[in-house]
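Data block below; observations after.
Atom set for the values below is all heavy atoms of this structure, side chains included, hydrogens, waters and symmetry mates excluded. Order of appearance sets the numbers: ligands from 1, and atoms from 1 within every ligand.
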Amino acid sequence: MSRMLTIGAAQLGPIQRHHTRLEVVDRLIALLHQAHDHGVELVVYPELALTTFFPRWFVDDIAEADHWYERSMPNADTQSLFDEAKRLGIGFCLGYALLETDADGATRRWNVQTLVERDGSIVATYKKTHIPGHEHHEPDRPFQHAERYYFEPSPDGFGVWRAFGGLVGMMICNDRRWPESYRVMGLQGVELILCGYNTPIHYVPDPSQDILQGFHNALVMQAGAYQNGTWVVGVAKGGVEEGVDSLGQSMIVAPSGQIVAQALSTDDELVVARCDLDWCRRYQGTLFDFDRYRRPEVYTRITSQRGAILPD
Ligand code: CDT
C-alpha cells in the first residue's frame, strides 16, 4: 500500500522591514509555481511568512505593532496566493501573525499557521502553543526576542485533521523543541506534521548554543518524527534579516527519522519530497504501537506538573 503525497518545503530568505506584503506574496507565488513544476500537492511556508520577524523589536505601546498582524485570512494582500494555489490545485500551509477581537471586545494576538486544501477550503488555523523569549524590553540584548509580549500562548493544544489523504497536524517553531508537541499529535495518529520556524543563530541567553542551532533543529525534528512514526516538514525563514542571521536548513523528515530532503541555501528555495503516508504504519504498528507498549499510568507527571520537582 502507498498513499503518496508530494510535498514542497518553501523556505524563505529574509523579509526586511521595508518589504510590503504584496512583494512577499509575489515571492510565495513564485515558489508555488516552482512547486507546480515539480508536481507538488502541498506547499509549506515558514512561520510569520508575510512580514519580517518583528518580535526582534520592542515598542512600548503594543498598538504600534498592530500593522504586523493580519485581521483575516485570506485578505486583500493574500487573496492572489489563495486564488493561484486553487487554480493550480495545490494546498498550502502559511504562517502569519493574527489579531482578533474577542466577544468581550478584547484584542487577542496570536502566532498562527493556516492550512488550506487543494480546493481552496481552509482546513484549520493552528495557534502557537509554546511561546519562547521574553515579555519585557531587555535593553542589553543585541536584538529582542519578545514573542511573549506580542503573542498569547494558545489554550487549544495540538489538533490533527483529516486532509491531503492523511492525518495532518501543525506546530510552530519553538513547539518543535518539545516532545509533548509531537506526542499529543501522535496520540491522534498524526502522519504529517507541518512546522514553520524563525530561528536566530545567536541565542542570547547562552551563546554556546549558537554553533549547535542546525544540530538541534535536526535533532528535535528527527527524534519527533521517529518516536511518533510521522512525517515532519520543517520550513525556515532564514538568512540575514534586519541584521539578524537566522537558520535555514529546511527539511522533510521521514517516519524513520531520516532526512529525505534539505535546503542548501538560506534564500527562497523549494525542497521537494514524495512522501508515502503509509510509511507511518511501519513505526506506528510495530516499535511505536502506542496502545500496546505505552505506560501512561506512570507518566502522570507529564500533565500534573510544569517544572521539575527534585527528590528530597
Ligand atoms: N520563533 C521561535 O520560536 N524561535 C525560537 C528561537 C529560540 S528562543 C529565543 C526557536 O525555538 O527556534
Subset of ligand 1 atoms that lie under 4.0 Å from at least one heavy atom of Asn198: 1 (N), 2 (C), 4 (N)
Nearest neighbour of atom 12 (O) of ligand 1 from the list Thr199, Ile172, Asn174, Leu48, on a heavy-atom basis: Thr199
pair Val59-Tyr150: side-chain heavy atoms closer than 4.5 Å: yes
Taking the six-membered ring of Phe53 as reference, does the NZ or CZ atom of Arg56 fall below 6.0 Å from its centre and within a 45° cone about the axis? no
Go through ligand 1 atom by atom and flag the ones less than 4.0 Å from a non-hydrogen atom of Phe53. 1 (N)
Distance col, row Leu88:CG vs Asp83:CG, nearest 0.5 angstrom, shows 11.0 Å
Under a 4.5 Å cut-off applied to non-hydrogen side-chain atoms, are Leu28 and Tyr45 in contact? yes
Does an N or O from Tyr203, backbone or side chain, lie closer than 3.5 Å to an N or O of ligand 1? no
Part of Tyr197 within contact of ligand 1 (heavy atoms, under 4.0 Å): neither
Aromatic ring pairing Phe158/Tyr126, orientation class (parallel under 30°, perpendicular over 60°, tilted between): parallel
Does ligand 1 have an atom that lies less than 4.0 angstrom from a heavy atom of His130? no
Per atom 2 (C) of ligand 1, closest listed option by heavy atom (Gly196, Pro205, Pro200, Cys173): Cys173
Stacked cation flag Arg17 on Trp57, 6.0 angstrom / 45 deg: yes
For atom 6 (C) of ligand 1, what's the nearest protein heavy atom and its distance? His145 CE1, 3.7 Å
Identify the protein heavy atom lying closest to atom 11 (O) of ligand 1, giving its residue, its atom name and the separation to 0.1 Å. Arg177 NE, 2.7 Å
Row check, Tyr299 ring normal vs Arg294 NZ/CZ: under 6.0 Å, within 45°: no
What atoms of ligand 1 come closer than 4.0 angstrom to any heavy atom of Glu47? 1 (N)
Tell me the protein heavy atom at minimum distance from atom 3 (O) of ligand 1, and give that distance in Å. Lys128 NZ, 2.8 Å
The atoms of ligand 1 lying under 4.0 Å from a heavy atom of Pro132, numbered in the order shown, are 2 (C), 3 (O), 8 (S)
Are the side chains of Ile62 and Tyr149 in contact, using a 4.5 Å heavy-atom criterion? yes
